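Below: one structure, written as structure tokens.
Whatever order the structure lists ligands and atoms in, that order sets their numbers, starting from 1. This structure is a prediction, so every number in the text was calculated from the model and none was measured.
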Amino acid sequence: MKVYIYDDIETASQAALNYYQEALADGPKVFGLATGSTPEKLYQEIVASDLDFTDSLSFNLDEYVGLEASHPQSYNYFMHKHLFNEKPFKHNYLLNGANPNEEEECSHFEDLLQEHPIDLQLLGIGRNGHIGFNEPGSSFTSKTRKIELTESTIEANSRLFDSPSDVPTAAYSMGIGSILNSKNILLLAFGEEKAAAVKAMVEGPVTEEVPASALQEHPNVVVILDQAAASQLSGEANA
Ligand code: GLP
């Protein structure tokens, strides 16, 4: 795991953009994408760049169960608003939260991932160390499936809804095993509220209680932080 610390979100997001330039330098790729506040600046940088994704594929990590793609809080809506409407891809694969058939939705998505292995997976991190929607206790071999959200995740995500009771209580999410199949992983974390999760991910024991600690076992992980998210780290960063 390589850890790089930048002064602020702007410079960190510009550094993250370089990984997309490098990835596309030798042709189209399969990109794993994430939602949340964390990648918003990176998506702005990508939109402002001349990078061409028209022959690339994307897979999104997760989606709330029960939300139609047209719902303003759905991750499908988020991705179109922040990236896809401006930067067209050859195809965007997104989980359909409105499909009540968990088995059909998740196994189909997992089959697509096997068919198109991800070259570069982007991740954020939850305050409790979750990646995608893999809450603490998720198996490191887990595949795409339905996950019941914890109170802390519902509370953290309620800022984007009118009230906490509007936040869906479950999501479809790529599993930790699905994420670890990616060839390269780029995790971004910004802000002091992520500092404890970042410390546990980077310096803590590898444990299912901290889903992101699974990344310590992957050979190609880059972690990009701002100063606040790095504030509890005791080890030396790579830059
Ligand atoms: C959400 C998403 C994650 C995201 C995380 C952090 O629950 N499922 O993919 O990384 O929480 O979100 P944010 O970037 O808004 O802090």
Side-chain angles (χ1 to χ4, degrees), residues 8-10 12-13 16 31-46 58-67 71-79 81-83 93-97 106 109 118 120-138 142 144-161 164 166-176 178-180 182 185-202 210-215 221-226 228-231:
D8 51 32
I9 296 176
E10 308 270 306
S13 301
F31 293 95
L33 299 174
T35 51
S37 313
T38 306
E40 277 186 29
K41 185 70 198 160
L42 169 62
Y43 291 155
Q44 281 173 24
E45 297 281 347
I46 289 176
S58 78
F59 283 87
N60 258 84
L61 275 172
D62 47 16
E63 180 60 283
Y64 287 117
V65 171
L67 296 194
H71 190 289
Q73 302 311 335
S74 77
Y75 287 166
N76 190 311
Y77 188 98
F78 175 102
M79 289 309 302
K81 179 175 165 193
H82 291 280
L83 188 63
Y93 292 103
L94 294 127
L95 285 152
N96 176 12
C106 296
F109 195 80
I118 290 175
L120 178 58
Q121 174 66 56
L122 178 64
L123 296 176
I125 185 170
R127 294 178 207 179
N128 64 1
H130 74 230
I131 47 176
F133 265 127
N134 293 283
E135 298 284 29
S138 296
S142 53
T144 306
R145 69 207 187 287
K146 183 178 176 181
I147 298 171
E148 300 300 326
L149 304 183
T150 61
E151 279 306 314
S152 102
T153 298
I154 291 172
E155 195 260 307
N157 291 4
S158 67
R159 69 191 193 278
L160 302 168
F161 290 80
D166 291 341
V167 184
T169 56
Y172 294 142
S173 176
M174 279 168 58
I176 297 183
S178 332
I179 292 169
L180 292 176
S182 310
I185 296 175
L186 176 61
L187 185 142
L188 310 182
F190 305 136
E192 206 180 335
E193 70 275 12
K194 300 294 174 67
V198 165
K199 182 177 175 62
M201 166 179 72
V202 177
V210 182
S213 69
L215 301 176
V221 177
V222 168
V223 176
I224 290 187
L225 307 172
D226 67 355
S231 58

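- In terms of polar-atom proximity, Thr38 is counted as a contact of ligand 1, with an N or O under 3.5 Å from an N or O of the ligand.
- Of all protein heavy atoms, the one lying nearest to atom 4 (C) of ligand 1 is Thr35 O, 4.1 Å.
- Between Glu135 and Thr150, the side chains place a donor N or O and an acceptor N or O closer than 3.5 Å (distance only, hydrogens not considered).
- Using a 4.0 Å heavy-atom cutoff, Phe190 is absent from the residues neighbouring ligand 1.
- Every atom of ligand 1 with a heavy atom of Phe133 under 4.0 Å away is listed here by number and element: 7 (O), 8 (N).
- Leu122 CG to Ile185 CD1: the interatomic distance, rounded to the nearest 0.5 Å, is 10.5 Å.
- At the top of the distance list for atom 6 (C) of ligand 1, counting protein heavy atoms only, stands Ile125 O, 3.5 Å.
- Annotation: atom 16 (O) of ligand 1 to nearest protein heavy atom, Lys194 NZ, 2.6 Å.
- In summary, the side chains of Asn76 and Glu63 do not present any donor paired with an acceptor at a separation below 3.5 Å, with no hydrogens or angles considered.
- Between Tyr64 and Tyr75, the angle of the ring planes lies from 30° to 60°, which puts this pair in the tilted group.
- Neither the backbone nor the side chain of Ala34 comes within 4.0 Å of ligand 1, counting heavy atoms alone.
- Atom numbering of ligand 1 starts at 1 in the shown order; those under 4.0 Å from a heavy atom of Arg159 are 15 (O).
- Within ligand 1, the atoms closer than 4.0 Å to a non-hydrogen atom of Gly124 are 10 (O), numbered from 1 in the order shown.
- Close approach to Asp62 involves these atoms of ligand 1, each under 4.0 Å from a residue heavy atom: 2 (C), 8 (N), 9 (O).
- Judged by distance alone, with hydrogens and angles left aside, the side-chain atoms of Ser142 form a donor-acceptor pair with the main-chain N or O of Ile176 at under 3.5 Å.
- Within the structure, the closest approach of Arg127 to ligand 1 does not fall below 4.0 Å when heavy atoms are considered.
- Heavy-atom contacts of His130 reach the following atoms of ligand 1: 1 (C), 5 (C), 7 (O), 11 (O) (cutoff under 4.0 Å).
- The contact set between ligand 1 and Gly132, taken as ligand atoms under 4.0 Å from a residue heavy atom, comprises 2 (C), 3 (C), 8 (N), 9 (O).
- Side-chain contact, Arg145 with Ser178: no donor N or O sits under 3.5 Å from an acceptor N or O.
- Taking NZ of Lys81 as the reference point, atom CD of Glu40 lies at 7.5 Å (rounded to 0.5 Å).
- Of all the atoms in ligand 1, the ones that sit under 4.0 Å from a non-hydrogen atom of Asn157 are 1 (C), 7 (O).
- Close N/O approach between Thr153 and ligand 1 is not found [any backbone or side-chain N/O within under 3.5 Å].
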Point to revise | Step-by-step side chain to side chain contact (heavy atoms under 4.5 Å, CB included) determination, Thr35 to Leu61 | key: CA-CA 8 Å; Thr35 51; Leu61 275 172; over 6 Å; no

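- Counting heavy atoms from C-beta on, the side chains of Ser138 and Phe133 never come closer than 4.5 Å.
- Annotation: the span from Leu33 atom CG to Tyr93 atom OH amounts to 13.5 Å, rounded to 0.5 Å.
- Ligand 1 does not have Glu193 within reach: every non-hydrogen atom of the residue lies 4.0 Å or more from it.
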